[in-house]
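What follows is a single structure, written as structure tokens, with notes after it.
In the text below, chain A, chain B and the rest are named by the order of the sequence lines, each starting its count at 1. Everything quoted here is computed from the prediction, not taken from an experiment.
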Amino acid sequence: MSTFFLTTAIDYANGDPHVGHAYEKIGADAIARYRRLRGDDVHFLIGMDEHGQKVEQTAAQQGVTPQALVDVLADTFCTMWTRLGISYDQFIRTTDPMHREGVRALIERIFDRSPDDFYEQAYEGWYCVGCESFKQDSEIVDGKCVLHPTRTLERVQERNWFFRLSRYEDFLRDLLTSRPQFLQPESRRNEMLALIDGGLEDVSASRSRLKWGVPFPKPLSSGEVQTTYVWFDALPNYLTATGFPRGEWADRWPAQLHVVGKDITRFHSIIWPAMLQAAQLPLPERVWGHGFVLLGGERFSKSAGVRLDLDEAIGRFGADAFRYFLLREIPFDADGSFSWERFEERYNADLANAWGNLASRVIAMVERYFDGVVPSGARTQVDDEDAAELRDYHAAMDGTRGFLLHEALRVVWQSVVRGNEYVDRQAPWKLAKDPALRGDLETTLASLIRQLARQAVMLAPFMPNKTQELWRQLGAPGQVSEQRFAALPELDATGWKVAKGDPLFPKEARER
RNA sequence: GGCAGGGUAGCUCAGCUGGUUAGAGCACGGCACUCAUAAUGCCGGGGUCGCGGGUUCGAGUCCCGCCCCUGCUACCA
């Protein structure tokens, strides 16, 4: 049994969860559940990034302490993840004492193992009082901050700890080229290689203005104790979650997979590996930069999040249908669009008509012709074709070509389509009229029940509740989540007692 | 601006190293069937393959130019 430690980005505590957050968690959850069905010892980590100026400011505006603010948000996020069926094993918060201690330990370890990698430097830049932050040239127009054109930018000097990222150019280039799977999809890797070739600048590791965070373990030569800047606070969560530096952290680290948005692949594939290398710690095995959910051509973000309410999306057809839609419609390696029209089309065409109805008609026939007890029947073409499809499914899911969740679903629906074709071709209702054809009827329905069971297992990572409901209707033993892919080729449904229930994916009563 | 990817049926997209009538799903029209959530199956209509040149016996597929879209171009996270 191999271990599989996977993570998502930790979400920044500056607003309620939106579809963009949900998409990443749902995708990662599908991978986690898939690995469990393979028999892996999965540890699925998600969490929140709770430090930073924005949190501090928002709390001040609301007249509460930062801790009180993030406590509420963490609760809101966890509630949402539960509603969406996210099967996380651990929820880390950067305000956890364990994390804060781990961050200090990691930084101290870098000081210890790579003493030259941290250095003090005076940073001089244009500071916008309105934004309370330094501005890059790209954010300055006519000498004014683009967000606060009425204010005057101040030339401010700040002395910070810096991390010598530039030293790791060759190391990182070699990492990305010698281990092509380290960063996928390929488009992201090419971008990062271009970035490295352009030269890496050192990054600051501490800030003086920032108060809400982890104290940087070493004071500046002036004696000032600064606060750890975001890279060295947020990124290490994956490591500190294992308990580092205490206990059996090495049993879990390194992570097998970091699932992150394409906007932060840079931090995960450049800064993070360099930090770990500086600390002489193992690197994560791979980073996957997924795309974004777009709405009307724009990406979801803190500002646009209000345009699609998660509660409404879940309420429309339920959490499982929402999960299915996002992962089927939006390629996990690129961007895709959400629209209510497509959501309804997919729900009706894929879930209700194709799959739900296939289950419905097959189970109904077993009840009608066999009093609900699945007959024994030899393998058929259906079983053979599904075996080939299972291989395609794994090829899309197991990471060798990336994590192409949308493709895995497409493959399963090929099986669904063939199931419906097979029913029509065999026409069990005709076979049932002729006692001499009883054997054909048995073979047909037995193979269709096997097919539904296999589909339930393959779809369990995507729709955990609906597949369990089908599993129950099929009269299959145990829970669908306890099944193993390895057992599917030998799956035998003989003797199962089916029990048709309500439609898996009911269509609304259409007004006429 | 530089680098990368893309513009193919109403919609979402496949089309590898150039080769017979350009494909799939959804949507749409007709037929069949009746086990099923009026679901399913079969058949069909529908495309100047972004624009303009060029190479070639032959280009959606190669070359040149142009137009448009997206991503990356590092300290909000």
| said: In dot-bracket form, 5' to 3', how is RNA chain B paired? Count Watson-Crick and G-U wobble pairs only if both distances fall under 3.5 Å, and write | where the partner sits on another strand. | reply: (((((((..((((.....[...)))).(((((.......))))).....(((((..]....))))))))))))....
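Residue-level contact check: D49(A) touches the backbone only, with heavy atoms under 4.0 Å from sugar-phosphate atoms and none from bases. L165(A) comes within 4.0 angstrom of a nucleotide base, judged by non-hydrogen atoms across all strands. Among the atoms of the strands shown, only primed sugar atoms or phosphate atoms (P, OP1, OP2) are found under 4.0 Å from some heavy atom of Y369(A). Within 4.0 Å of D197(A), counting heavy atoms only, lies no atom of the nucleic acid at all. Among the atoms of the strands shown, base atoms are found under 4.0 Å from some heavy atom of S360(A). At the heavy-atom level, A352(A) lies under 4.0 Å from base atoms of the strands shown. Within the nucleic acid shown, G261(A) has no heavy atom closer than 4.0 Å to any nucleic acid atom.
A4(B) atom C1' lies 13 Å from atom CG of L195(A), rounded to whole Å. We find that CD1 of I270(A) is positioned 10 Å from P of U73(B), with the value rounded to whole Å. Protein atom NZ of K507(A) is 11 Å distant from nucleotide atom P of U37(B), rounded to whole Å. The CD-P distance, from E201(A) to C72(B), rounds to 18 Å in whole Å. What separates NZ of K433(A) from C1' of C35(B) is a distance of 10 Å, to the nearest Å. For the pair E407(A) CD and A24(B) P, the interatomic distance rounds to 19 Å; values are reported in whole Å. For the pair I449(A) CD1 and C35(B) C1', the interatomic distance rounds to 12 Å; values are reported in whole Å. Atoms CZ (R418(A)) and C1' (G41(B)) sit 15 Å apart, rounded to a whole Å.
Of the charged side-chain nitrogens involved, none lies within less than 4.0 Å of a carboxylate oxygen, so that E389(A) and R454(A) do not count as a salt-bridged pair. One finds a salt bridge joining E158(A) and R209(A) here, because a Lys/Arg side-chain nitrogen approaches an Asp/Glu carboxylate oxygen to under 4.0 Å. Note on D71(A) versus R93(A): salt bridge recorded, some NZ/NE/NH1/NH2 to OD/OE distance being below 4.0 Å. A salt bridge links E469(A) with R472(A): at least one charged nitrogen is closer than 4.0 Å to a carboxylate oxygen.
Judged as a salt bridge (charged side-chain N to carboxylate O under 4.0 Å, His left out), the pairs with a partner in residues 10-19 of chain A (not counting sequence neighbours) are, in order, D11(A)-K25(A). Note on residues 433-448 of chain A: no pairs pass salt bridge (charged side-chain N to carboxylate O under 4.0 Å, His left out), not counting sequence neighbours. The stretch residues 334-363 of chain A participates, sequence neighbours left out, in these salt bridge (charged side-chain N to carboxylate O under 4.0 Å, His left out) pairs: K262(A)-D335(A), R316(A)-E344(A), E329(A)-R342(A), E329(A)-R346(A), R342(A)-E345(A), R346(A)-D350(A), R361(A)-D424(A).
Judged as a side-chain hydrogen bond (donor to acceptor under 3.5 Å, both in side chains), and not counting sequence neighbours, the contacts of H268(A) are Y238(A).
Remark: Q381(A) CD is loosely packed, at most 12 non-hydrogen atoms of other residues, nucleotides or ligands lying under 6.0 Å away.
The separation of U37(B) from G46(B), taken at their C1' atoms, amounts to 30 Å, rounded to a whole angstrom. The gap from the C1' atom of C69(B) to that of G30(B) amounts to 39 Å, rounded to the nearest Å. Nucleotides C49(B) and C13(B) place their C1' atoms 13 Å apart, quoted to the nearest Å. Comparing A9(B) with G15(B), their P atoms sit 15 Å apart, to the nearest whole Å. Of the P atoms belonging to G18(B) and G60(B), the separation is 13 Å, rounded to the nearest Å. Between the C1' atoms of A22(B) and C16(B), the separation comes to 16 Å (whole Å). Spacing of C1' atoms, G50(B) relative to A74(B), comes out at 34 Å, to the nearest Å. Between U8(B) and A14(B), the two C1' atoms lie 10 Å apart (nearest whole Å).
Contact annotation: R410(A) does not reach the phosphate of A24(B) (side-chain N/O to OP1 or OP2, under 4.0 Å). Between K262(A) and C72(B) there is no side-chain polar atom (N or O) within less than 4.0 angstrom of OP1 or OP2. Between Y229(A) and A77(B) there is a side-chain N or O to OP1 or OP2 distance below 4.0 Å. Contact annotation: K430(A) side-chain N/O to U34(B) OP1/OP2 distance is not under 4.0 Å.
For A278(A) against S114(A), the heavy-atom pair with the smallest separation is O-OG, 2.6 Å.
Residue D263(A) has its side chain nearest to A77(B) when only A77(B), G41(B), C35(B) are considered. Distances from the side chain of E421(A) to the nucleotides A77(B), G41(B), C35(B) place G41(B) closest. Distance from the side chain of F162(A) is smallest to C75(B) among U37(B), C75(B), C72(B).
At distances below 3.5 Å, not a single donor-acceptor pair connects side-chain atoms of W231(A) with backbone N or O atoms of F163(A).
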Could I get a table of every N or O pair under 3.5 Å where one atom is in the protein and the other is in nucleotides 25-32 of chain B?
from	atom 1	to	atom 2	distance (Å)
C26(B)	O2'	E345(A)	OE1	3.1

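In terms of position along RNA chain B, the nucleotide closest to L504(A) lies nearer the 5' end than the nucleotide closest to the other residue of the pair L504(A) and V230(A). Judged by closest nucleotide on RNA chain B, V362(A) is the one of V362(A) and A234(A) placed further toward the 5' end.
The cationic group of R207(A) lies under 6.0 Å from the six-membered ring centre of Y229(A) and within 45° of the ring axis, placing it in a cation-pi geometry.
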